[in-house]
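Here is the structure we will look at, set down as C-alpha cells.
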Amino acid sequence: MSKGITSKSDDYSQWYNDIVIKADLAEHSSVKGCMVIKPYGYSIWEKMQAVLDHKFKETGHSNAYFPLFIPKSYFSKEAAHVEGFATECAVVTHYRLKNDGNGNIVVDETAKLEEELIVRPTSETIIWNTYRGWIESYRDLPILINQWANVVRWEMRTRLFLRTTEFLWQEGHTAHATSAEAIEETEKMINVYADFVENWMAVPVVKGKKTASERFAGALDTYCIEALMQDGKALQAGTSHFLGQNFAKAFDVKFTSKEGKLEHVWATSWGVSTRLMGALIMSHSDDAGLVLPPKLAPIQVVIVPIYRNSDDLDKITTFVDELIPKLKGLGISVKYDDRDSQRPGFKFAEYELKGVPVRLAIGARDMENQTVELARRDTKEKSTVPQQGLEIYIANLLQEIQDNIYNKALQFRETHITEANSYDEFKTLLDTKTGFIAAHWDGTAETEKRIKDETKATIRCIPLNNKLEDGVCMVTGKPSTQRVLFARAY
RNA sequence: CGGGGUGUAGCGUAGCCCGGUAUCGCGCCACAUUUGGGAUGUGGAGGUCGUAGGUUCGAAUCCUGCCACCCCGACCA
C-alpha cells in the first residue's frame, strides 16, 4: 500500500503510530512521554477547539484561566481526589538554578520552596479555592466557566495523542445552587460532547455513566461517551462529572440561599482532550493514511494541476483562480498545489496520507472537455465531473463524505455490540470478535474487579436510557436488572 | 517499576563477533530531461559513530559506568 505505513491488519498499534508520524500530525519530543504537535496536527486541534468553544459559549459558559501550579496542600483537601491523582503528579520543589563551578548547571538547594507546587493534573482544587472568594449569595450562582489549558499526568506508559505526559484539553468547572441544577449541567455537557464527536468528528458514541470504581476521583457521578476503535477496543472520548458538594466542602465554598440558609455549593466538571485526535485518527483511517471528516479537515479540497508546459499551467490556473472564490464562498477550504517541485503522483499520495477529503486533478484534457477529475478520500473513488456547477457538487459531496464515514463507523460499532449470556461466552467474544459486550453484572465492585483482573475488560459504561431486562450476573449468578457494556479499552 | 529493543548524516540502515578512520537506500543541493498515481540521469554537500572513562601505536568495533528514547505489561483521559 502506501510507502512506509504498516498495514492495519499486520500491527494496529504500529499502523496508528505510522499515521501520526507520516501524516505529519505529531512527533516524539526529546522529553519522555511528551510530543510535539506539528502544524498540520495542531490545525485539526484548532478546528476542534473552535467548534467546542462555540458550543460552550452557546450554552452560557465563559472562558477564564487559572494557574498552572497548585500548592500541594490543596490536593489533600479532598480525600478521594488526592488518592486518584497523587501517584502521577509532577512536583516543583525549587525555583532557581546555579553554576556549580565546574560548568554544570545544578539546582540551587538554597532556593527550596516552602511549599511544593504541583503541576496541575486537573484544576478542581485551585479553581474551587478561587471560587470561595467569588460566591456569597445565590445571586452569584451559577458560575459557568471553561478553561483551555495544558495539564500534566505522569503516566507510566504513553502513546501519541491517546496518553501523553503533558496534554492539551479544556476543563469546565461550574458552581450551582442546587443539586438538580448541577446534574442538569452535567447531562447537558455530556450531550454537547456527544453532539460534537458524532456530528463533527463522525465518531458514534455510547452515552452512559461510569460505575463507582471507574468514576473521576472526587465525583459522585461520572457521565461519559465511549467510542469504539477499528481494532475493537473502546476509547473514552469525554467525561462530565457531577461533583456534588465534595469540593465545596473541601474548600469551604458556601452561599446564602434565597431562604437565608447557608449552604454548600454544588459542582460539576467536564473535559475533553487532545485524546480526541487519537479517536479521530483511529476511527476512520486506512492503510493509505489518515481519513478526515470534512467538517474538521484543515484542507477540504486540494487542487492538483497537471501540465506539460507553462501554457497548460496558465490555462488551468486561470480556471482555478475563478473556482477558488466560489468554493470559499460556500465556506469550503481549498488549497491549490501548483508546486513545480513535485510531480502529480507524489502529490496524490501525499494528500491521501494527510486525509484531505476531496482532490481535484485538472489537466489539458479536462480543460478541453470542461471537466475535472475528482477523487474522494473516503472511498478512493475517482470520477469525471463537469466544471459547470462544480462548487455546488463539491459542497454536497463534502456532506456526503461526512455522512458516509459516520455511517461506516456506526455500522462497525453496531455490529460490534454483542450480548453475552455466560462468562465463557463473554471471554470468547473478547478474544475473537472484540468490541462492546453487553452482559449482566451483579453491580458489585468485587465482581467488576474480578472480571477486569481475569480478562482485562472493564465496564465502559451503563448506557443512559438503558433498557431494563431481568437477568443474572454472568459471573456470580446474582440477579441483575440491566446489561452493562464491557470492553477492553485504551 | 518489570520485560524487550534501539542509539552511526535530516530519516532508515550496514559495519561490531575477528580493532586500521564509516556502507547502502531515501531525502537534500545544482543542472537537464520530465509531469493524468510516489520520475530519470549527471554532478555535489552532509558524520563529536548517544555519553564519560579505560585498554591499545590506533576504538563505531574490546572493557566499565552513565544517559536517552521506543515497544510490550502494570497505572490512567
Side-chain angles (χ1 to χ4, degrees), chain A residues 1-6 11 13-14 16-18 21-22 27-35 83-89 121-122 151-171 193 210 213-217 222 224-227 234-241 269-279 288-289 304-310 312-313 316 337-353 359-369 371-375 380 382 384 452-453 456 458 460 488-490:
Chain A
M1 289 301 289
S2 190
K3 265 189 191 171
I5 291 190
T6 305
D11 184 343
S13 176
Q14 189 59 47
Y16 172 77
N17 271 328
D18 284 351
I21 303 291
K22 299 276 165 58
E27 65 185 35
H28 293 285
S29 74
S30 53
V31 181
K32 181 183 170 65
C34 296
M35 64 176 176
E83 175 129 358
F85 287 103
T87 59
E88 51 188 42
C89 287
T122 179
V151 288
V152 167
R153 295 184 188 174
W154 217 268
E155 304 285 358
M156 291 166 181
R157 186 155 138 52
T158 56
R159 282 169 71 83
L160 290 166
F161 286 116
L162 296 175
R163 185 175 304 104
T164 46
T165 300
E166 179 191 13
F167 57 95
L168 306 182
W169 79 344
Q170 58 70 217
E171 45 181 329
Y193 287 154
K210 288 291 185 190
S213 45
E214 295 279 336
R215 257 178 221 146
F216 176 74
T222 289
C224 63
I225 48 174
E226 292 285 328
L235 182 83
Q236 179 175 306
T239 47
S240 182
H241 316 290
S269 69
W270 28 273
V272 294
S273 69
T274 35
R275 169 178 256 205
L276 287 179
M277 292 284 294
V304 178
I306 294 159
Y307 54 92
R308 290 175 192 283
N309 52 56
S310 59
D312 285 355
L313 181 59
I316 295 164
D337 187 354
D338 61 351
R339 284 179 298 173
D340 193 41
S341 56
Q342 305 295 351
R343 297 166 87 251
F346 179 92
K347 294 177 186 175
F348 294 171
E350 184 178 35
Y351 293 110
E352 254 159 38
L353 184 58
R359 182 187 74 227
L360 303 179
I362 308 172
R365 202 162 66 211
D366 292 298
M367 291 312 292
E368 213 165 284
N369 301 335
T371 58
V372 302
E373 181 195 80
L374 184 152
K380 299 230 204 80
K382 282 197 266 195
T384 302
K452 185 180 179 183
D453 291 344
K456 290 179 190 161
T458 50
R460 301 317 303 159
R488 292 195 178 122
Y490 278 99

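First the proteins, then the strands, lettered A, B, ... as listed; each starts at 1.
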With C1' as the reference atom in both, quote the distance from B:A30 to B:A68 in angstrom, rounded to an integer. 38 Å
Under 4.5 Å between any side-chain heavy atoms of A:W169 and A:R275, yes or no? no
Can you tell me how far C1' of B:A77 sits from CZ of A:F161, to the nearest Å? 15 Å
Spacing between A:D453 atom CG and B:C75 atom C1', to the nearest angstrom: 13 Å
Please report the distance separating the C1' of B:C16 from the corresponding atom of B:A77, rounded so that it comes out in whole Å. 44 Å
So what does A:F167 hit on the nucleic acid, given a heavy-atom distance under 4.0 Å: a base, only sugar-phosphate, or nothing? base
Would you write the dot-bracket representation of RNA chain B, where each base gets (, ), [, ], | or . depending on whether it forms a Watson-Crick or G-U pair under 3.5 Å and with which partner? (((((((..(((.......[...))).((((((.....)))))).....(((((..]....))))))))))))....
What verdict does the salt bridge (Lys or Arg N to Asp or Glu O under 4.0 Å) test give for A:E352 and A:R359, after you've listed the backbone C-alpha separation in whole Å, the side-chain angles of each residue and the deciding distance to 0.1 Å? CA-CA 9 Å; A:E352 254 159 38; A:R359 182 187 74 227; 3.3 Å; yes
Pair A:T6-A:D11, side-chain donor/acceptor within less than 3.5 Å: no
Of all the choices, B:U35, B:G37, B:A77, which nucleotide is nearest to the side chain of A:R359 once you look at every atom? B:G37
With the side chain of A:R343 defined as its heavy atoms from C-beta on, choose the nearest nucleotide among B:C75, B:C71, B:A39. B:A39
Atom CZ of A:R339 and atom C1' of B:U35: how far apart are they, to the nearest Å? 13 Å
What's the verdict on side-chain hydrogen bond (donor to acceptor under 3.5 Å, both in side chains) for A:T458 and A:R460, showing C-alpha distance, side-chain angles and the deciding distance? CA-CA 6 Å; A:T458 50; A:R460 301 317 303 159; 2.7 Å; yes
Counting side-chain heavy atoms from C-beta on, which of B:U34, B:G38, B:G36 comes nearest to A:A361? B:G36
B:G10 C1' sits how many Å from A:E27 CD, rounded? 11 Å
In whole Å, what separates the C1' atom of B:C17 from that of B:C62? 11 Å
Of the listed nucleotides (B:C71, B:C75, B:G37), which one gets closest to any side-chain atom of A:N17? B:C71
With the side chain defined as heavy atoms from C-beta on, A:P344 is closest, among B:C70, B:G37, B:U35, to B:U35
Sequence-distant partners of A:R339, salt bridge (Lys or Arg N to Asp or Glu O under 4.0 Å), two or more places apart: A:D337, A:E350
Separation of A:I21 atom CD1 from B:C11 atom P, in whole Å? 12 Å
Of the listed B:G37, B:A77, B:U35, the closest approach to the A:F348 side chain comes from B:G37
Using the C1' atoms only, state how far B:A32 lies from B:G36, rounded to an integer number of Å. 23 Å
When all nucleic acid strands are considered with a 4.0 Å heavy-atom cut-off, which category describes A:A364: base, sugar-phosphate, or nothing? base
Taking only N and O in the side chain of A:R153, is any of them less than 4.0 Å away from OP1 or OP2 of B:C76? no
Pairwise C1' distance, B:A59 and B:A52 [rounded to whole Å]: 15 Å
Side chain of A:K32 (C-beta onward), nearest among B:C70, B:A77, B:G37: B:C70
Return whichever of A:G33 or A:G238 has its heavy-atom-nearest nucleotide of RNA chain B closer to the 5' end. A:G33
Distance check, C1' atoms only: B:C75 and B:U61, in whole angstrom units. 41 Å
Mind checking if A:L162 touches a base, just sugar-phosphate, or nothing, with heavy atoms under 4.0 Å? base
When you check the phosphate oxygens OP1 and OP2 of B:C70, does a side-chain N or O of A:H28 lie under 4.0 Å from one of them? yes
Rounding to an integer number of Å, can you tell me how far A:I225 CD1 sits from B:A77 P? 14 Å
Could you tell me if the side chain of A:Q170 sits less than 4.5 Å from the side chain of A:V272, heavy atoms only? yes
NA contact type, A:T384, heavy-atom cut-off 4.0 Å: base, sugar-phosphate, or nothing? nothing
Rounded to whole angstrom units, what separation is found between the CG atom of A:D337 and the C1' atom of B:G38? 14 Å
Between A:Y307 and A:D340, is any side-chain donor less than 3.5 angstrom from a side-chain acceptor? yes
Nearest-nucleotide pick for A:I306, side chain only, options being B:C71, B:U35, B:A77: B:U35
Using the C1' atom in both, what is the distance from B:G10 to B:C28, to the nearest Å? 8 Å
Assert: residue with more 5' nearest nucleotide on RNA chain B, out of A:A217 and A:R159, is A:R159
Does the B:G37 base have a donor-acceptor partner in the side chain of A:K380 within less than 3.5 Å? no
Mind checking if A:E373 touches a base, just sugar-phosphate, or nothing, with heavy atoms under 4.0 Å? base
Among A:I362, A:L313, A:D312, the one residue meeting side-chain contact (heavy atoms from CB on, under 4.5 Å) with A:P305: A:L313
Taking the minimum atom-to-atom distance to the side chain of A:F346, which one of B:G38, B:A77, B:C75 wins? B:G38
In terms of relative ring orientation, are A:F216 and A:H241 parallel, tilted or perpendicular, with 30° and 60° separating the classes? parallel
Side chain to side chain donor-acceptor pair (under 3.5 Å) with A:R159: which residues, sequence neighbours excluded? A:S13
Checking all strands, does A:T122 fall into the base, sugar-phosphate, or nothing category for heavy-atom contacts under 4.0 angstrom? nothing
What is the distance, rounded to the nearest whole Å, between atom CG of A:D18 and atom C1' of B:C71? 13 Å
Quote, to the nearest angstrom, the C1' distance that separates B:A9 from B:A14. 14 Å
Looking at A:K22, does any N or O in its side chain come under 4.0 Å of the phosphate oxygens OP1/OP2 on B:C26? no
So if I take every side-chain heavy atom of A:E155 and compare against B:A77, B:A74, B:C71, which nucleotide ends up nearest? B:A77
Side-chain heavy-atom pair A:L160, A:I21 within 4.5 angstrom cut-off: yes
Reckon A:K210 touches a base, only the sugar-phosphate, or nothing at all at heavy-atom distances under 4.0 Å? nothing
Once hydrogens and angles are ignored, does a donor-acceptor distance under 3.5 Å link the base of B:G38 to the side chain of A:Q342? no
